[in-house]
Amino acid sequence: MIDKVFNKTISKQFEFDEEVASVFDDMLDRSVPFYKQMQKLSISFANNFLEENSKVYDLGCSTASTLIELSKSSQYNLSLVGIDNSKAMLERASKKSKAFGVEIEFLNADIFDVDLKDAKVVLSNYTLQFIRPLNREKLVKKIYDSLEDNGVFIFSEKLVSQNSFLNKQFIDEYYSFKKTQGYSEFEISQKREALENVLIPYTEDENKRMIKDAGFKHCETVFKWVNFALFIAIK
Ligand SMILES: Nc1ncnc2c1ncn2[C@@H]1O[C@H](C[S@+](CC[C@H]([NH3+])C(=O)[O-])CC(=O)[O-])[C@@H](O)[C@H]1O
Ligand SMILES: O=C(O)C(=O)Cc1ccccc1
């Protein structure tokens, strides 16, 4: 379904509710520059670290597109766990994975409440940005502690620039991108307001600092378009 969530006047904060879940794949595809390419890259980097029966967690799995694509691309039988605190998202995820014949264990829970044991790969695309700072740092430490030796954390995030002049250009570029994707100025500004204090982006350096502080030995930016980036962190 086509995303028209912000085509009407909205006074509440952004939520992953039934309405958002029902149009989510279209929303992500049209709102995140190079979303599909970054998803493909996260899958191919993940595949390099996986073997038979490896355990993979997707934190904030939404409708499970990444885990489904990962399973389809892998030569191995994987143990896949998708975690999301939105019931509406997981209902869709469950239907979709059944339709594709992919076995995934779904946990309708807060990421903080789940034990990520035996993790070889932890994926989290565009989800840390919704976790409050301080908690975000704690979560990344928990991911580090849960990963097996040489395990990897692959994540993508919306970014801000440290430089206020460039930051304004980042925002302008992103809004022109959204216009090319068919969103109106009204929809763009409504969504911006709804996301205020809900989506809290870090700079690229802050993300890398957080990863290093948690103990990861290496962190690389794998892909970047203006204010969106994919990172890989190796334990
Ligand atoms: N504390 C939390 N605990 C569990 N889930 C959470 C929490 N906070 C947010 N979520 C969930 O994280 C997901 C973020 S969307 C991820 C896209 C996906 N990775 C994709 O590549 O398709 C990104 C976006 O909408 O920008 C939503 O489904 C939330 O319900
Ligand atoms: O930051 C924005 O304006 C976005 O639209 C990013 C986004 C994409 C999909 C869900 C939530 C936020």
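Order of appearance sets the numbers: ligands from 1, and atoms from 1 within every ligand.
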Exercise. Can we call the ring centroids of Tyr174 and Phe228 under 6.0 Å apart?
Worked result: yes

Problem set entry | Those atoms of ligand 2 less than 4.0 Å from some heavy atom in Lys158 | 1 (O), 2 (C), 3 (O)

Exercise. Are side-chain heavy atoms of Ser161 and Lys168 found at a separation under 4.5 Å?
Worked result: no

Exercise. With a distance cut-off below 6.0 Å to the six-membered ring centre and an angular limit of 45° from the axis, does Arg92 pair with Phe24 as a cation-pi contact?
Worked result: no

For this session: Determine, for Glu69 against Lys72, whether the closest basic-nitrogen to carboxylate-oxygen distance falls under 4.0 angstrom.
Result: yes

Problem set entry | Asp17 and Ser86 side chains, donor-acceptor separation under 3.5 Å | no

Problem set entry | NZ/NE/NH1/NH2 to OD/OE distance under 4.0 Å, Asp213 and Arg209 | yes

Problem set entry | Test applied, side chain to side chain contact (heavy atoms under 4.5 Å, CB included); reference residue, Phe231; option that passes from Ser42, Cys219, Ser156, Ser124 | Cys219

Exercise. Of the protein's non-hydrogen atoms, which lies at the shortest distance from atom 23 (C) of ligand 1, and what is that distance?
Worked result: Tyr126 O, 2.8 Å

Problem set entry | Lys191 touching ligand 2 at heavy-atom level, < 4.0 angstrom | yes

Exercise. Mind checking whether Phe130 and Phe16 have ring centres under 6.0 Å apart?
Worked result: yes

Problem set entry | Side-chain touch Asn53/Asn77, heavy atoms, less than 4.5 angstrom | yes

Exercise. Just heavy atoms, cut-off under 4.0 Å: does Phe16 contact ligand 1 by side chain, backbone, both, or neither?
Worked result: side chain

Exercise. Tell me, which protein residue and heavy-atom name are nearest atom 30 (O) of ligand 1, and how many Å apart are they?
Worked result: Asp84 OD1, 2.6 Å

Exercise. With backbone taken as N, CA, C and O and side chain as the heavy atoms from C-beta onward, which portion of Leu28 lies under 4.0 Å from ligand 2: side chain, backbone, both, or neither?
Worked result: side chain

Exercise. Which heavy atom of the protein is the closest neighbour of atom 14 (C) of ligand 1, given with residue, atom name and distance?
Worked result: Thr127 OG1, 3.5 Å

Exercise. Between Leu123 and ligand 1, which residue portion shows a heavy-atom distance shorter than 4.0 Å: side chain, backbone, both, or neither?
Worked result: neither

For this session: May I ask you to test the Lys178-Lys191 pair for a side-chain heavy-atom distance under 4.5 Å?
Result: yes

Exercise. Can you tell which part of Leu28 has a heavy atom less than 4.0 Å from ligand 1: side chain, backbone, both or neither?
Worked result: side chain

Exercise. Tell me, which protein residue and heavy-atom name are nearest atom 18 (C) of ligand 1, and how many Å apart are they?
Worked result: Gly60 O, 3.4 Å

Exercise. Does Tyr35 have a heavy atom less than 4.0 Å from any atom of ligand 1?
Worked result: yes

Exercise. Please state which protein non-hydrogen atom is closest to atom 24 (C) of ligand 1 and give its distance, to 0.1 Å?
Worked result: Phe130 CE1, 3.5 Å

Problem set entry | Residue Glu52 excluded, over 12 heavy atoms near CD under 6.0 Å | yes

Exercise. Is Tyr126 near ligand 2, meaning one of its heavy atoms is under 4.0 Å from it?
Worked result: no

Exercise. Considering only heavy atoms of Ser31, which atoms of ligand 2 have at least one such atom less than 4.0 Å away?
Worked result: 5 (O), 8 (C)

Exercise. Heavy atom of Ala109 under 4.0 Å from ligand 1?
Worked result: yes

Exercise. Under 4.0 Å from ligand 1, counting heavy atoms only, is it the side chain of Thr66, its backbone, both or neither?
Worked result: side chain

For this session: List every atom of ligand 2 that sits less than 4.0 Å from any heavy atom of Leu195, numbering the atoms from 1 in the order shown and giving each element.
Result: 1 (O), 2 (C), 3 (O), 4 (C), 12 (C)

Problem set entry | Ring-ring centroid check Phe155 Phe153, cutoff 6.0 Å | yes

Seminar exercise, completed: For atom 15 (S) of ligand 1, the closest protein heavy atom turns out to be Ser62 OG, 3.3 Å

Exercise. Taking the non-hydrogen atoms of Gln129, is any one of them nearer than 4.0 angstrom to ligand 1?
Worked result: yes

Seminar exercise, completed: atom 5 (N) of ligand 1 sits nearest the protein heavy atom Asn85 N, 3.1 Å

For this session: With side chain to side chain donor-acceptor pair (under 3.5 Å) as the test, would you mind laying out the steps for Tyr183 and Asp3 before giving the verdict?
Result: CA-CA 9 Å; Tyr183 287 114; Asp3 166 25; 2.5 Å; yes

Exercise. Which atoms of ligand 2 have any heavy atom of Lys178 under 4.0 Å away?
Worked result: 2 (C), 3 (O), 4 (C), 5 (O)

Exercise. Is the backbone N or O of Thr221 less than 3.5 Å from a side-chain atom of Lys224, with the two atoms forming a donor-acceptor pair by type?
Worked result: no

Problem set entry | N/O separation below 3.5 Å, Ile111 to ligand 1 | yes

Exercise. Can you list the ligand 1 atoms lying under 4.0 Å from a non-hydrogen atom of Ile131?
Worked result: 1 (N)

Exercise. So Tyr35 and Tyr126, would you call those rings parallel, tilted or perpendicular, with 30° and 60° as cut-offs?
Worked result: tilted

For this session: Give the residue and atom name of whichever protein heavy atom lies nearest to atom 6 (C) of ligand 2, and the separation in Å to one decimal.
Result: Tyr174 OH, 3.5 Å

Exercise. N/O of Gln129 under 3.5 Å from N/O of ligand 2, yes or no?
Worked result: no

Seminar exercise, completed: If we number the atoms of ligand 1 from 1 as shown, the ones under 4.0 Å from a heavy atom of Met89 are 28 (O)

